[in-house]
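All remarks here apply to the structure that follows.
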Amino acid sequence: MNTKTYKPLLIFSAFLFLTLFLLLPLLIIFIGAFSQGFEVFWYSITEPAARHAIFLTLLVVVVTVPLHTLFGLAAAWALTKYRFRGRQLLITLIEIPFAVSPVIAGLVFIILYGVNGFFGEWLLANNLQIIFAVPGIILATMFVTLPFIARELIPLMEAQGSDAEEASLTLGAGGFRTFYHVTLPAIKWGFFTE
Amino acid sequence: MKRTLPGFPLSFGFMMFYMSFIVFIPLIALVWYTMGIGWEAFWNAISDPRVFAALRLSFSASLIAALINGVFGLLIAWVLVRYDFFGKRIMDGMIDLPFALPTAVAGIALTSLYAENGWIGSLLAPLGIQVAFTPIGVTIALTFIGLPFVVRMVEPVLRSLDQETEEAAGLLGASPFTIFKTVLFPLLTPAILAGMTLAFARALGEYGSVVFIAGNIPMQTEIVPLLIMNKLEQFDYAGATAIATVMLALSFILLLGANILQWWLSRNLGQKAVDSSR
Amino acid sequence: MSITITGITKEFGKTEVLKNINLTVKEGELLALLGPSGSGKTTLLRMIAGLEHASKGDIFFDGNNVTNVNAKDRNVGFVFQHYALFSHMKVKDNIAYGLRVKKKKDRPTKPQIESKVNELLELVKLDGLGERYPSQLSGGQKQRVALARSLAIEPSVLLLDEPFGALDAQVRKELRRWLRTLHKQTGVTTVFVTHDQEEALDVADQVIVLNGGEIIQEGTPSHIYDSPNSPFMYRFLGNANELKGTATKEGISIGGVTLTSEEPHADGDNVVSYVRPHEISLAHTSGNDHHLEVEITKTHPVGPIVFIEAKRLDGDREQIEIELTKGAYDNLSIKIGDMMYARVERFGTFQANEYMI
C-alpha cells in the first residue's frame, strides 16, 4: 500500500547497516591489498603457490557444484512436494553441516580416513590418500557446503506451490541463482583449505 | 497428501544416498569415536568450565547475530524487491560478498575496523564501548558472515508474492502496518526463519573470521570451534571429539526445534496474526 | 453511491493510457467497462478504487471529491481477477478480515463478526465451507469468497476486475447470472471490467466501451448492440461483413445494388458498410428489393445455428459470412454451389477513411 512514505527511511537504514557491516570492512581489505602498490598485489596472485591455489579452487568447484545442484533439486523436490513423517528431521540434517564447524569437519574426516582412522588401513593397503590430498579437500568442501542449494530451493518451492509449470520455472531461475550461490562459497572454501 | 506428483522415489532415494556419504557416515563416525573414548574421558573433557563458557558464548553470540540478520535481512530484501533507487545494483551485488570472501580476510578487516585505533573502534572507544576482543566483536563477525542468508531466502519469496493480496487488504481498510503484520509477515515467516536458522547454524560453525576479532581469551572470548582446534593442536583427539559431539548434539536439537517451529508457524501464524490484532 | 469521473488522464511515462475520460455511474447501477486489452479499462477501475492515481482529473463519490483519498479509506469493495485471497487464512477469516482490521471504536464485536461472516457465506452459497483454506476451493468458489470478503465491509461501491476471466465457460455463465441476482439483492453501485462483449451485454445495465484510452461508445446493452457508432464497435462486438461501396443520392451503392440509407453521406464518398452475419437473409429468387447475388461455398451447422460462407458474384467477388437459424436453413434446403440472393436486413455505414483505424 502506501509504503512509499517509508521508502527513504527504509532505504537509509538498509544502507547504514550495510555500510557498517559490509562496506567498511571491504574498503579496508581493498586498501590493504593495494597498499604496497599494484605490483606487489600482482606478484602475490601470480606466484606459483597462489596459481596452484586458484587451480585447486576451480577443481573443487567443478566437482562440487554439479553434484550439489543435483542433490539440491532432488532434496527440494522430495521435501516440498510430499508430506511425510521425518520431513523436518531431514531438513535439519541437511542444515547440520553448516553448524558443524569446518574444524569439526576436518576432525571427522581424519577419524574416517586418517592413518589411524576407520578406513585408514584399507586406504593404505590400496595406496589411496584422501587426507591431506585433493580428495580430502573436495570431501570437506562438499560436507561444509551441502546445505547451500538445497536449503535455498526448499522455501522457494514451498512458496510456489505444486503447480508443475511454476515449479519448473522456479527450477530454471533457481538453478542459476543457486549455481551462483554455491559457486562462491565453494571458492571460499577452496581458499580456506589451502 | 500430494503424492500424485511423480518422482518421489527417485528424488528421495538420491537425496538419501547422497546424504549418507556426505553427512550420515561422517557424523556417525564422530559419535562412534566419542563412544569409544569412554564415559569418564568424555565427562572429563566437557565438564571443564572453559568448555561451558565457550558453549555459552558460541550459542548466545550466534543467536544474537541471527536475530540481527533476521531484522536487517528482511529490511534489505524488502528494499531490494520493492523499491528502485540509486545504488540498488551495488547493494544487491554486495550482499553475497560475505560468502565470497575468505573468512580469515573478513576477520582481519573487521578487526582493524573495530579495534581501538580503527575507523569505527576509535569512535566508540570514547563512549567506553570496546568491540574488538570482546563478545560484541564476536557477534559482529558472526553477523557479517550470516548476512546473506535471510536476504537471499526472503527475496525470492517476496518477489513471488502477489501484490494484489496486499492491495486487497488495503482496500478492506487495513493500514500499511496491519497489512505487513497480517498478510505479508505470515507469508514471509518461513523464509525469514529458514534464513535465520541457516545464519545461526553458519555462525555456530564459523572459525576463520572470529579468531582475529575475538582475541581468544579463555573463559571470555573463546568460541567452541577454537577450543576444539586448541585440543587438536595438543593431539587431544578424545577431548576434541567429545566437545564436537556435544556441539553437534546441541546444534541438532536447536535446528530441529527451529525447523519444527517454522513448519508449525507456516500453518498457523496467519490466523494468529489476525486474532492478535484485535 | 454515484461515481462521477471528470477529465481523467493517466500517463505512464510517455504513453497516455487514459485520455480525458468523463463518465457517471448512477446510484445502484451495474456498469460494465468493456474493451480490448490495453484499452485502459483496468487502470480506470483501479483509479476508482484508489490503487492508481490520475495524472489529471477528479473522481467524485456522491459529489465528494475522493481523488486524494487513500484506497483504504474509500470503502470500496474490490474483486481481483485472480481472487487475491489470503492463502494462509481460512475462508471465514478471509471474509472477516475487513471487519477485524477496523479501528477499535468501529469494530464489530466477535459474535457480530461471526454472524456477518455466516450471513455472507450464505449469500455467496458457500455455507459450511468457512473452515476451509482457499487452496481447497475451486476457482468459482474462490471468486465467491473474494466477493463475500469485499462485501463484508459494506462497501459503497463494488468494483470487479475481470471477475470471471480465470474461470471456465460453464462456471462463468453461472456466476454471471448470479452476479446479476446479487446486485439486485444488495443494490450496491457496481462497476466491472471485462473484455468479453457477451458478458458485458448480458450482465450490465449500462455499458461503456473503451479503446486506446478513450470512450468509444456508451449506453444500454441493447443500444450498444443495435447501433454501433464506429467500425471498431462493429468488429469488437462480434463478426461483421465489410462491404465497400460509394454513397449516392439514393443510398449506398455496393457492387450492383443500392441499399437505402438514412445516414447522410456526401455524394460520391467511398464508404464501408458493416453487416452482421445474422442480419442477412437468403432467398432462391430475387424479389423487388435490392439483393446481392451470391454463390454458397460452405455450410457449417453448429447446434441451432448454421454458419454459411458465400461468394459475391458482383463487384469485388468477396466472401461474406451469413448465419441462419437451423429452421430457416432447412426450409431453404441450401446446398453448396447454389446461386442465391442475399438481402441485407440491417447495416451501418462509415466513411472509408474511418475504416482505417
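Order of the sequence lines sets the chain letters (A, B, ...), proteins ahead of strands, with each chain counted from 1. Since we're looking at a predicted model, the values are computed, not measured.
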> Between B/Leu248, B/Leu198, B/Leu232, which shows the greatest number of heavy-atom pairs under 4.5 Å with chain A?
Replying inline: B/Leu198
> Side chains of B/Leu110 and A/Phe21: closer than 4.5 Å at any heavy-atom pair?
Replying inline: no
> Below 4.5 Å, heavy atoms only, C-beta onward: do B/Thr143 and A/Phe17 meet side chain to side chain?
Replying inline: yes
> A/Leu146 versus chain B, heavy atoms under 4.5 Å apart: side chain, backbone, both or neither?
Replying inline: side chain
> Under a 4.5 Å heavy-atom cut-off, does chain A meet the side chain of B/Phe180, its backbone, both or neither?
Replying inline: neither
> Closest heavy-atom contact between A/Ala74 and B/Ser11?
Replying inline: O-CB, 3.4 Å
> Above 12 or not: heavy atoms from other molecules or residues under 6.0 Å from CZ of B/Phe17?
Replying inline: no
> Any side-chain heavy atom of A/Ile11 within less than 4.5 Å of one from B/Tyr83?
Replying inline: yes
> Which answer fits A/Ile94, side chain, backbone, both or neither, if we ask what part of it has an atom under 4.5 Å from a heavy atom of chain B?
Replying inline: both
>> Testing the basics here: between B/Ala109 and A/Pro25, what is the closest heavy-atom pair and its distance to 0.1 Å?
In response: CB-O, 3.4 Å
>> Between B/Val79 and A/Phe12, does the side chain to side chain contact (heavy atoms under 4.5 Å, CB included) criterion hold? Intermediate values first, please.
In response: CA-CA 10 Å; B/Val79 164; A/Phe12 175 76; over 6 Å; no
>> Surrounding CD1 of B/Ile90 (heavy atoms of other residues, nucleotides or ligands, distance under 6.0 Å), is the total greater than 12?
In response: no
> What distance do A/Gln88 atom CD and B/Leu256 atom CG have between them, rounded to the nearest 0.5 Å?
Replying inline: 8.0 Å
> Atom CG of A/Leu89 and atom CZ of B/Phe252: how far apart are they, to the nearest 0.5 Å?
Replying inline: 4.5 Å
> Any side-chain heavy atom of A/Phe143 sitting closer than 4.5 Å to one from B/Leu27?
Replying inline: yes
>> To check you understand the geometry: which heavy-atom pair defines the closest contact between A/Ala14 and B/Met91, and what is its length?
In response: CB-CE, 3.9 Å
>> Just verifying a value: how many Å separate B/Tyr18 OH and A/Met142 CE, rounded to the nearest 0.5 Å?
In response: 3.5 Å
>> Before you tell me yes or no, could you show the steps for B/Ile95 and A/Leu18 under side chain to side chain contact (heavy atoms under 4.5 Å, CB included), namely the whole-Å CA-CA distance, both residues' side-chain angles and the distance that decides it to 0.1 Å?
In response: CA-CA 8 Å; B/Ile95 303 295; A/Leu18 286 174; 4.0 Å; yes
> With under 30° as parallel and over 60° as perpendicular, where do the rings of A/Phe71 and B/Phe14 fit, or are they tilted in between?
Replying inline: tilted
>> Show the nearest heavy-atom pair for residues B/Met94 and A/Leu22, with the distance to one decimal.
In response: O-CD1, 3.6 Å
> Based on non-hydrogen pairs under 4.5 Å, which of B/Leu255, B/Leu204, B/Thr241, B/Ile228 is most in contact with chain A?
Replying inline: B/Leu255
>> Check the orientation of B/Phe85 and A/Phe15. Use parallel for under 30°, tilted for 30 to 60°, and perpendicular for over 60°.
In response: perpendicular
> Just how far is it from atom CG of A/Leu90 to atom CE of B/Met16, taken to the nearest 0.5 Å?
Replying inline: 5.0 Å
>> Quick check for you: among B/Ile68, B/Leu147, B/Leu254, which has the greatest number of heavy-atom pairs under 4.5 Å with chain A?
In response: B/Leu147
> Taking atom CG of A/Leu10 and atom CD1 of B/Ile76, what is their separation to the nearest 0.5 Å?
Replying inline: 11.5 Å
>> Just verifying a value: how many Å separate B/Phe72 CZ and A/Leu20 CG, rounded to the nearest 0.5 Å?
In response: 9.0 Å
